[in-house]
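Here is the structure we will look at, set down as structure tokens.
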Amino acid sequence: MNNFKIIANWKMNGSKEEVKSWINFFKDNVEHKNHSDCFFCPPACYLNNANEIISSYNLKLNLGSQDLDPDSDNPSTGGINGKMLKDLGCDYVLIGHSERRSLFSEDEEVLLKKLTSAVKHELKVIYCVGETKEQKERGLATEAIKIQLKILKGLPVDLISVAYEPVWSIGQGITPSLDSIDEMHQIIKDELKSILNTEENIAISYGGSVSVDNAASISLLNSVDGLLIGGASLNPESFSKVVNNITIQD
Ligand code: PGA
């Protein structure tokens, strides 16, 4: 498949120096060798720095933010809105990552404001959904994800993609079986067709303990249109191995 997305989510890691060496490594080892769409999501404070380096080399590496704050008429100390992200060279934004949902108490009401702000500024959204361990054990995974997806209703199809990230897998070194990933991606795709009222195939990336060892087999599933990678994206060698090991299917 063309346009397979491979997204590096650095979370709260890195430094100016590491951003520079990571992009340099990408340029020398990945760019020109693959047909995927690669995305770099460093912490917000390094976006400008990353953008300058990416632009200076004319790389096809897409820049994304890990979050945004909704537009507001009230003064918002510390806030970074979609307009600012565009100004920093971002075309993409992650919304609804499980760490934002749990650590920053971002519920559906807040996330809807973020989604609306993102599309207003024409940022492409990678909306993260996933069930907790408890929901999985109680057989409520599908229901939990459908609730998370509901808020996408009415948003423009061309600006939305989804990342399925089971919360119990993120950073734990454990992943669902290939069959379960496939099954959940199919459920999400079907649900999105009805929520977004479209026959279009919305891209769904998988995230949660993606590594050099499992990336290729996950990417071969028909229902998987990309990978969202946390821990394994920090090291430029692992990230480039993941990207270069993936066989793009036409
Ligand atoms: P992980 O994180 O690859 O370290 O599990 C993925 C994510 O949280 O996006």
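Counting starts at 1 for both ligands and their atoms, in listed order.
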Answer whether the closest heavy-atom distance between the side chains of I7 and C41 falls below 4.5 Å. yes
Would a 4.5 Å heavy-atom cut-off, applied to side chains only, mark S161 and K5 as touching? yes
Decide whether an N or O pair under 3.5 Å exists between S209 and ligand 1. yes
Subset of ligand 1 atoms that lie under 4.0 Å from at least one heavy atom of [X]:
| X | answer |
| --- | --- |
| H97 | 7 (C), 8 (O), 9 (O) |
| G231 | 1 (P), 3 (O), 4 (O) |
| G171 | 1 (P), 4 (O), 5 (O) |
| G208 | 5 (O) |

For I170, which part has a heavy atom under 4.0 Å from ligand 1: side chain, backbone, both, or neither? both
So that I can tick it off, tell me whether K120 and D71 are bridged by a salt bridge, with the cut-off set at under 4.0 angstrom between side-chain N and carboxylate O. yes
Less than 4.0 angstrom from a charged side-chain N to a carboxylate O is my criterion; do K114 and E106 meet it? yes
Quick check on K193: does its NZ atom have over 12 non-hydrogen neighbours (other residues, nucleotides or ligands) under 6.0 Å away? yes
Centroid-centroid under 6.0 Å between F40 and W22 rings: yes
Where is the nearest protein heavy atom to [atom]: which residue, which atom, and how far?
| atom | answer |
| --- | --- |
| atom 9 (O) of ligand 1 | E165 OE2, 2.7 Å |
| atom 2 (O) of ligand 1 | K11 NZ, 3.3 Å |
| atom 3 (O) of ligand 1 | G230 N, 2.9 Å |

With no hydrogens and no angle check, just 3.5 Å: does a side-chain donor-acceptor pair link E52 and S55? no
